[in-house]
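As structure tokens, the structure follows; a few thoughts come after it.
Keep in mind the model is a prediction, meaning the values are calculated, not measured.
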Amino acid sequence: MGLRRWWLLGAATAVGLAACVTLPQPKTISVPATARTETRHILYAPTVWRGEVRLVRPLIVTKTATLTLLPGTRVYFDLPEPKAGEDPEPWIRVLGSLVALGTPEAPIEITSVPLRNNEFEDVISFEKAKEAHLRRVVFERGPWAVHSHFTPVEFEDCTFRNNYGGVRFQGGRVVIRGCRFEENRIGIRCLNSSPVIEENWFVGNLTGIFFRQGVTGAVLRRNNFDDREYDLKLGEAQTDDVDAGNNWWKADEKGRLADRIFDGADSEGVGRVNVEPRLPVPWGTPERKK
């Protein structure tokens, strides 16, 4: 089933969720015997991955290189735990470009073999990279799926499921559209940026979106929220107000929307969140399209 179709069907299912329960995850999963093991540490030239790829050491995509993941590619990260006292490296550090464009029939899947739901590592890190475009990519079982510094990144119809976090970033033009963040500790965390976040589902995360500080002019609309602790949280240094109108909030059905938003009403000096107008039904449902 294509991700786009799955996303719409999942949207209808999630409407009835009052609270989500994280299912136990196995400590390790099996890597198919047919997977090709990638042992290179640095890419200098354009490189294409297809089929099943097992990564056993951190990889650097230099400024002269573009890493392309073809539709249907499955990447298994089978990296050892960092040694005590060492700063963990990103599993893939991108200085050049990354293009991962799945299709409804053949999404791209990225998963960690050992369960690594921690806040200290990144699966993919963009560091002043040229560009990155991800469409219909599924991230599972990892730490932070994507960490971006001052890089133009577009996410379209991607899924972030059972990770420590989905996407964290600062600077650069970041567009997150039509994605699903499910059962992560944090869906999105950002600072010093003006992101476009629209038409996404946030389901069962501890926190859906965390605007840490310096977020100005964010476009936050037509999203559906059904998280466990906070749907939208502003950090103590986030002094600007946030316009969060034209979104749907599950907590609103029980009159508990204020409990799912942390802003200036909870801490002096923090900006305020404006939720008006509120969508009466989740975005993407047939009722909304009429």
Taking side chain to side chain contact (heavy atoms under 4.5 Å, CB included) as the definition, give me every residue that meets it alongside Ser30, ordered by chain and number, with sequence neighbours left out.
none
From CA spacing to verdict: salt bridge (Lys or Arg N to Asp or Glu O under 4.0 Å), Arg168, Asp122:
CA-CA 10 Å; Arg168 58 173 169 167; Asp122 303 312; 2.7 Å; yes
Is there a donor-acceptor contact under 3.5 Å from the side chain of Ser193 to the main chain of Pro195?
no
Is there a donor-acceptor contact under 3.5 Å from the side chain of Asn184 to the main chain of Asn163?
yes
Using a distance-only test with no angle check, is there a side-chain donor-acceptor pair under 3.5 angstrom linking Glu229 and Thr207?
no
Do other residues, nucleotides or ligands put more than 12 heavy atoms under 6.0 Å from Arg36 CZ?
yes
Do Arg54 and Thr37 have side-chain atoms, one donor and one acceptor, less than 3.5 Å apart?
yes
If the condition is ring pair (Phe, Tyr, Trp, His ring centres under 6.0 Å), which residues does His133 pass it with, not counting sequence neighbours?
none
Any non-hydrogen side-chain atom of Tyr164 less than 4.5 Å from a side-chain atom of Glu119?
yes
With sequence neighbours left out, which residue pairs that include part of residues 65-76 fulfil the salt bridge (charged side-chain N to carboxylate O under 4.0 Å, His left out) condition?
Arg74-Glu109
Is it the case that the side chain of Asp226 and the backbone of Val203 share a donor-acceptor pair, with hydrogens and angles ignored and the cut-off at 3.5 Å?
no
If we ignore hydrogens and angles and just use 3.5 Å, is the side chain of Arg185 paired with the main-chain N or O of Gly165 as donor and acceptor?
no
Can you tell me if Trp91 and Glu121 form a side-chain donor-acceptor pair at under 3.5 Å?
yes
Would you confirm whether Asn117, through its side chain, and Pro143, through its main-chain N or O, come within 3.5 Å as a donor-acceptor pair?
no
Apply side chain to side chain contact (heavy atoms under 4.5 Å, CB included) to residues Val99 and Thr66 and explain how you reach the verdict.
CA-CA 7 Å; Val99 178; Thr66 296; 4.3 Å; yes
Have a look at Cys158 and tell me which of Ile110, Leu134, Val167 forms a side chain to side chain contact (heavy atoms under 4.5 Å, CB included) with it.
Leu134
With a sphere of 6.0 Å drawn around CD of Glu276, does it hold more than 12 non-hydrogen atoms of other residues, nucleotides or ligands?
yes
Criterion side-chain hydrogen bond (donor to acceptor under 3.5 Å, both in side chains) against Gln170, the qualifying member of His147, Arg189, Arg212, His149:
His149
What I want to check is whether the side chains of Glu236 and Ser267 have a donor and an acceptor closer together than 3.5 Å.
yes
Does NZ in Lys128 sit with more than 12 non-hydrogen atoms of other residues, nucleotides or ligands closer than 6.0 Å?
no
Let me know which of Asp231, Asn200, Asn223 forms a side-chain hydrogen bond (donor to acceptor under 3.5 Å, both in side chains) with Asn247.
Asn223
More than 12 heavy atoms from other groups under 6.0 Å of CZ on Arg57
yes
SB check Arg221 Glu198 (cutoff 4.0 Å)
yes
Side chain proximity check, Leu70 to Trp49, heavy atoms < 4.5 angstrom
no
Would you check if the side chain of Arg141 reaches a backbone N or O of Val113 as a donor-acceptor pair within less than 3.5 Å?
yes
Keeping the roles fixed (side chain from Asp241, backbone from Arg272), state whether a donor-acceptor pair exists under 3.5 Å.
yes
Can you list the steps and then say if Phe77 with Thr111 is a side chain to side chain contact (heavy atoms under 4.5 Å, CB included)?
CA-CA 6 Å; Phe77 288 93; Thr111 187; over 6 Å; no
Fit a plane to each ring of Phe155 and Phe160, take the angle between them on a 0 to 90° scale, and name the class: parallel (under 30°), tilted (30 to 60°) or perpendicular (over 60°).
perpendicular
Sidechain-backbone polar pair: Gln213 side chain, Val215 backbone, donor-acceptor under 3.5 Å:
no
Please say which of Phe225, Trp248, Trp283, Trp249 ends up in a ring-ring contact (aromatic ring centres under 6.0 Å, His included) with Phe202.
Phe225
Yes or no on side chain to side chain contact (heavy atoms under 4.5 Å, CB included) for Ile188 and Ile197, after CA distance, side-chain angles and deciding distance?
CA-CA 10 Å; Ile188 295 173; Ile197 303 172; 4.1 Å; yes
Would you mind telling me which of Val75, Leu55, Thr47 makes a side chain to side chain contact (heavy atoms under 4.5 Å, CB included) with Glu38?
Leu55
Rounded to the nearest 0.5 angstrom, the OH-NZ distance for Tyr44 and Lys63 is 14.0 Å
For the aromatic rings, using the six-membered ring if either is Trp, is the centroid distance between Trp201 and Phe181 under 6.0 Å?
no
Using atom types as modelled and distance alone, determine if a side-chain donor or acceptor of Thr62 lies under 3.5 Å from a backbone N or O of Leu43.
yes
For Ser194 and Thr216, indicate whether the former's side chain and the latter's backbone hold a donor-acceptor pair under 3.5 Å.
yes
Show, in sequence, the C-alpha distance, side-chain angles and deciding distance for Asp243 and Leu220, and conclude whether the side chain to side chain contact (heavy atoms under 4.5 Å, CB included) test is met.
CA-CA 7 Å; Asp243 183 359; Leu220 184 64; over 6 Å; no
